[in-house]
Amino acid sequence: MVSRERLINALQGKPIDRIPVYTQIPFALTAEGFKPGAFHGYDDYDNWRERDPAYWNLVRRMQAECDNFFVWRPPCMHSDHFFVPRGMTTTLPTEDRDGKLVTVKVLRTAGRELRTASMVQPGTGHTWVLEHFCKKPDDAEFLLDLPWDGYPAEMGDFFQVREWLGDHGVVWVTVPSPILIVCRLFDPTEFLILIRTEKALIHRLLETASDRIRINLGILLKSGAGPIVRFGGAEHATPPIMSPDDFDALVVQYDTPLMRLVKQYGGLVAVHCHGRIRHALTRFVEMGVDQTDPVEALPDGDLTLAEARRIHAGKITLTGNLQMRELAAARPSEIRLRVRQIVEEAGPDHLILTTTGTPLEPISAPIEANYHAFIDAALEYGKL
């Protein structure tokens, strides 16, 4: 059974020959095969991963032995494009601050100026947002009054990517949940305050973001994007950051219509959601979600994998649950034991073995050894 068929069958509850295994190591696609690539559909400042032999070793093994999701992020789904008009925005020359590169984008119109700033450290993969477009509610009100000139909803390199991936995996068409777009307009702490003090404004922003996502998503789906649309952003509203009621109001209310649109085109729905997901998982079942990752179990989350399996009742494929801290600190023998525990507790059906995150820096020799132990154990214990 090829990887593409294995992954789709796992999501649909159909027969598979073994439990799929996905490392989450970032990779790029070429006509010649896989190579180390930027973090999950984003642009990196430089190709530092391509200079790391450990990444090459793992990426080659992914292509040969694993089951891979390739993250395709359409330009029309980048967060800034939903509220910040491109024609009114200027990018200033990059500034070097002690080896870190700072980029400032400025929106100027109607006598006003809003700006955002980000900083990257070349050769490491680390990026920071130093300044957000909206510093106060009035800034968001101003953006709501501007015309929307979002990036065109075009397929771009999608079909080329899918051809290069071939039978080695499946494309995740990556779409932001409305809460992700709105949250990123503000400093994260300020956003949590505004949820309480500016409720009407936040919902206006969410409604606008939802409408604009729906327009772009509809065009992509009609053009053949799929088979899986993966939403990101729900984790912004899980405990302890927000309450279950907040999750229902800010995620369920706005994500459900978008997910139904995917289903209308025969697609599968995936959700990326870290944290304490006991309430979220119940809602995902109700929303018709087919897959969720990374399913962080106790002590990192608020439920065991066995409880997660009972909640989803064969309706959602759990994708997880090897913690990144385990890859960093455990011995290969302990990694093998953890994989076996995951299989016994959450498998064998509706399970994809993967990690709860992806490396954001050069891979040390012990971590590389643990990744190989993870793959070895998954291939051994995942046989059906």
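All values below come from the heavy atoms of this structure, side chains included, with hydrogens, waters and symmetry mates left out. The first residue in the sequence is number 1, and the count goes up from there.
- Using modelled atom types, no side-chain atom of Thr356 and backbone atom of Pro294 make a donor-acceptor pair closer than 3.5 Å.
- Remark: the backbone N or O of Leu206 is not paired with any side-chain donor or acceptor of Ser210 at under 3.5 angstrom.
- Among the candidates Leu353, Ile375, Ile19, Leu379, the single residue satisfying the side chain to side chain contact (heavy atoms under 4.5 Å, CB included) test with Val339 is Leu353.
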*asked:* I'd like to know whether Asp246 forms a side chain to side chain donor-acceptor pair (under 3.5 Å) with Ser243, so could you lay out the CA-CA distance, the side-chain angles of the two residues, the decisive distance to 0.1 Å, and finally the verdict.
replied: CA-CA 5 Å; Asp246 291 327; Ser243 71; 3.1 Å; yes

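- For the pair Trp172 and Asp293, the minimum side-chain heavy-atom distance is below 4.5 Å.
- Of all non-hydrogen atoms in Arg18 and Lys383, the two that sit nearest each other are CB-CA, 3.9 Å.
- Between the side chain of Thr355 and the backbone N or O of Thr23 there is at least one donor-acceptor pair closer than 3.5 Å.
- Between the side chain of Asn321 and the main chain of Val295, a donor-acceptor pair closer than 3.5 Å is present.
- Evaluated for a salt bridge (charged side-chain N to carboxylate O under 4.0 Å, His left out) with Arg338, the options Glu326, Glu345, Glu344 yield exactly one hit, Glu326.
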_Check against salt bridge (charged side-chain N to carboxylate O under 4.0 Å, His left out), Asp52 and Arg49_ = CA-CA 5 Å; Asp52 188 331; Arg49 286 186 178 88; over 6 Å; no

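- Within the cation-pi definition used here (under 6.0 Å to the ring centroid, within 45° of the axis), Arg212 qualifies as a partner of Phe83.
- Listed for the Arg309 side chain is a donor-acceptor partner under 3.5 Å among the backbone atoms of Ala346.
- For the pair Asp302 (side chain) and Arg278 (backbone), a donor-acceptor distance under 3.5 Å is present.
- The main-chain N or O of Gly87 is found under 3.5 Å from a side-chain atom of Asp149 such that the two form a donor-acceptor pair.
- When atom types are taken as modelled, the side chain of Asn68 and the backbone of Gly169 share no donor-acceptor pair closer than 3.5 angstrom.
- A salt bridge does not link Arg204 with Glu207: every distance from a Lys NZ or Arg NE/NH1/NH2 to an Asp or Glu carboxylate oxygen is 4.0 Å or more.
- His372 and Asn57 are not linked by any side-chain donor-acceptor pair at a separation below 3.5 angstrom, with hydrogens and angles left out of the test.
- When all heavy atoms of Ala280 and Thr238 are compared, the closest pair comes out as CB-CG2, 4.5 Å.
- Contact record, Asp139 with Leu114: OD1-CD2, 3.4 Å, taken as the closest heavy-atom pair.
- Between the side chain of Thr304 and the main chain of Glu307, a donor-acceptor pair closer than 3.5 Å is present.
- Here the side chain of His236 pairs no donor or acceptor atom with the backbone of Leu180 at under 3.5 angstrom.
- Geometric assessment of Arg112 against the ring of Phe142 yields a positive cation-pi assignment under the 6.0 Å and 45° thresholds.
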_Verdict with reasoning, Arg336 to Asp376, per salt bridge (charged side-chain N to carboxylate O under 4.0 Å, His left out)_ = CA-CA 8 Å; Arg336 288 182 58 84; Asp376 290 340; 5.4 Å; no

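- Among the candidates Asp17, Asp349, Ile16, the single residue satisfying the side chain to side chain contact (heavy atoms under 4.5 Å, CB included) test with Leu384 is Ile16.
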*Could you go step by step and tell me if Thr317 and His350 meet the side chain to side chain donor-acceptor pair (under 3.5 Å) rule?*
CA-CA 4 Å; Thr317 296; His350 284 289; 3.1 Å; yes

